[in-house]
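Inspection log for the structure reproduced underneath, given as structure tokens.
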Number of protein chains: 2
Amino acid sequence: MEGTGLLGQDTEQNSENTPRVPVHQQVYAQLREAVLFGDLAPGQAVTIQGLIERTGAGMTPIREAIRRLTSEGALEFRGNRRVVVPLLTEDVIDDLIFLRESVESRLAMQAAEKITPSEIMTLEGIDAKLDEAILRGDVAAYLKQNYAFHAGLYAIAKAPILMDVANSLWLRFGPSMRMVCGRMGTQSLPDNHKSALDALHKKDAQAAGDALREDVVQGIEQIRAALLDGSGLSDVID
Amino acid sequence: MEGTGLLGQDTEQNSENTPRVPVHQQVYAQLREAVLFGDLAPGQAVTIQGLIERTGAGMTPIREAIRRLTSEGALEFRGNRRVVVPLLTEDVIDDLIFLRESVESRLAMQAAEKITPSEIMTLEGIDAKLDEAILRGDVAAYLKQNYAFHAGLYAIAKAPILMDVANSLWLRFGPSMRMVCGRMGTQSLPDNHKSALDALHKKDAQAAGDALREDVVQGIEQIRAALLDGSGLSDVID
DNA sequence: CTAATCAGAATTTGATCATATTTTTGATCA
DNA sequence: TGATCAAAAATATGATCAAATTCTGATTAG
């Protein structure tokens with residue numbers, strides 16, 4: 001609960017190279033990660049004032065970041081002036097399964113056609129860390145590495161709109177993913193990355209697409225099961 | 001070129017019902033329409049200062065609106081803090097075709113299962129106006145009614161995420177659609193809505209999905225053809 | 001006599017704007 | 001042609017106003 005200074009403050013004047021990142025982007029990135037990796041629970045309220053205190057930033061950049069995240073589905077306008085992390089419902093999950101199946105498999109197929117040996121090695125490195133995280137039962141690391149693997153594929157596929165959509169979908173189920181992990185541990189989570197890597201080695205687009213489709217469906221079905229099962233979500237802040 | 005007051009200003013105090021719409025939402029809606037219906041050409045620069053003059057609004061709400069549109073793919077961050085209406089490129093079009101095919105057909109199928117007779121009548125009304133617009137060669141009306149038809153289907157399908165994605169896709173090809181119409185007129189534009197309405201009457205989900213898929217593919221192929229053909233886009237502001 | 005509900009006050013939160021600071025661009029001069 | 005300065009544009013802050021929720025207290029019903 002560090003109260004202030006979550007932003008990387010460059011007190012020094014950055015004499016030479018100035019890769020200056022605007023505050024609103026910093027806030028955006030920070031909030032995005034918080035949603036993506038479940039630091040904000042579904043149902044949790046997000047207030048401008050609260051973020052001002054948490055980040056130490058001014059009002060305008062925070063406003064911009066919230067608008068962006070809202071557009072991307074990471075946050076939800078709940079009626080009057082309350083912004084919350086959305087809770088997944090039954091019908092929304094159907095949408096998610098359909099879209100992620102389509103989009104992820106397509107991205108994997110395109111990536112398979114374009115991938116280079118060094119890129120495969122990078123992905124294998126990520127997957128190794130992912131295995132490690134599963135063994136340790138480290139939920140946070142699992143979520144991060146799992147996302148890194150998929151995001152890596154997106155970058156290779158070079159399909160900008162598909163990538164945007166895929167990233168938006170991650171933001172939608174990220175918070176729930178965290179909840180599921182918290183309950184079930186990392187053991188039962190999907191990892192079809194081995195077969196995906198196999199297919200990428202062989203540049204077999206069809207197989208790569210199938211592997212990712214499998215991975216995605218398993219992941220979301222976990223969430224659905226958890227939602228149906230523990231309907232008495234005691235986690236939800238009210 | 002009315003310089004000021006593009007916003008609907010409620011000078012009166014709204015005594016009874018107060019559906020007060022925040023300025024940033026008004027600006028957002030206004031800009032969105034401008035992109036969607038081609039009032040802003042691809043390549044056209046969008047500046048904050050310019051919008052302040054155009055709309056008469058303050059800086060903060062405009063900022064928020066721009067961020068939102070940027071997230072949705074309607075606007076693009078072009079390096080040095082310059083925001084422009086994006087130009088469609090070859091690879092982006094492939095993404096668009098794939099996604100619109102998937103999403104629109106799926107939405108049509110879901111709509112077919114849930115649609116009511118009165119909703120069918122509403123859609124038929126829209127389609128009639130669309131036919132009229134095509135006959136008149138009224139490009140602006142064609143674009144508006146065509147979008148209204150699709151958006152109507154989205155609302156009926158009740159699939160929130162799919163709808164969001166579909167709307168985001170519209171924003172991406174809206175400006176180019178306008179360009180195509182400007183060159184080719186409305187005659188050659190697709191209208192598979194008749195067969196879609198047929199299918200909806202029969203509640204034949206498969207047929208409805210196929211009709212919409214057809215419609216979508218035809219529309220985007222037009223754009224691709226126009227892009228390849230008139231590669232010397234003299235319209236583009238640079 | 002206790003508990004519940006409703007009205008009004010107070011605090012909290014959001015929206016908008018005006019202003020200061022930084023950065024980029026372009027224009028002039030050497 | 002290149003460098004320095006000036007103007008314009010964008011980023012970021014804080015102040016101010018408006019709205020909403022919450023809290024408190026009183027009145028009434030059981």
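Convention: sequence-line order gives letters A, B, ...; per-chain numbering from 1.
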**OP:** Mind jotting down which residue pairs meet the salt bridge (charged side-chain N to carboxylate O under 4.0 Å, His left out) criterion with at least one end in residues 148-167 of chain A? Sequence neighbours excluded, please.
**Re:** A:D164-B:R172

**OP:** Give the dot-bracket string for DNA chain C, reading 5' to 3', where a pair is Watson-Crick or G-U wobble with both distances under 3.5 Å, ( ) marks pairs inside the strand, [ ] marks pairs crossing earlier ones, | marks a partner on another strand, and . marks unpaired.
**Re:** ||||||||||||||||||||||||||||||

Original post:
Separation of A:I52 atom CD1 from C:dG14 atom P, in whole Å?
Top reply: 9 Å

**OP:** Quick one: list whatever passes side-chain hydrogen bond (donor to acceptor under 3.5 Å, both in side chains) with B:R178, sequence neighbours left out.
**Re:** none

Please tabulate the protein-to-nucleotide N/O contacts below 3.5 Å involving nucleotides 18-20 of chain C, giving atom names and distances.
none

Subject >> Rounded distance in Å - CD (A:E64) to P (D:dA10) >> reply: 12 Å

Subject >> Rounded distance (nearest 0.5 Å) linking atom CG of A:L40 with atom CG of A:L75 >> reply: 8.0 Å

**OP:** Specify the separation, in whole Å, of atom NE2 of A:H24 and atom P of C:dT22.
**Re:** 16 Å

Original post:
C:dG14, D:dA9, C:dA15: which one has an atom nearest the side-chain heavy atoms of A:T47?
Top reply: C:dG14

Original post:
Between atom CD in A:Q49 and atom C1' in D:dT16, what is the gap in whole Å?
Top reply: 13 Å

Subject >> For atom CG of B:L51 and atom P of D:dA9, their distance in whole Å >> reply: 13 Å

Subject >> By side-chain hydrogen bond (donor to acceptor under 3.5 Å, both in side chains) - contacts of B:Y154 (at least two apart) >> reply: B:E104, B:W170

Original post:
What pairs with B:S105 under side-chain contact (heavy atoms from CB on, under 4.5 Å), at least two apart in sequence or on another chain?
Top reply: B:R213

Subject >> Partner residues of A:Y28 under the ring-ring contact (aromatic ring centres under 6.0 Å, His included) criterion, sequence neighbours left out >> reply: none

**OP:** Whole angstrom is fine here: how far is it from CD1 in B:I62 over to P in D:dA9?
**Re:** 14 Å

Original post:
Nearest-Å distance, CD1 (A:I48) to P (D:dA12)?
Top reply: 16 Å

Original post:
What is the minimum heavy-atom distance between B:A157 and B:K114, and which atoms define it?
Top reply: O-NZ, 3.1 Å

Original post:
What's the CD-P distance between B:Q25 and C:dG14, to the nearest Å?
Top reply: 14 Å

Original post:
Closer than 4.0 Å, any side-chain N/O of A:R82 to the OP1 or OP2 of C:dT12?
Top reply: no

Only pairs under 3.5 Å count here: list side-chain donor-acceptor contacts from residues 84-91 of chain A, not counting sequence neighbours, and write none if there are none.
| residue | atom | partner | partner atom | Å |
| --- | --- | --- | --- | --- |
| A:T89 | OG1 | A:D91 | OD1 | 2.7 |
| A:E90 | OE2 | A:R224 | NE | 3.4 |

Original post:
So which pairs with a foot in residues 64-75 of chain A pass salt bridge (charged side-chain N to carboxylate O under 4.0 Å, His left out), sequence neighbours left out?
Top reply: A:E64-B:R63, A:E64-B:R67, A:R67-B:E64

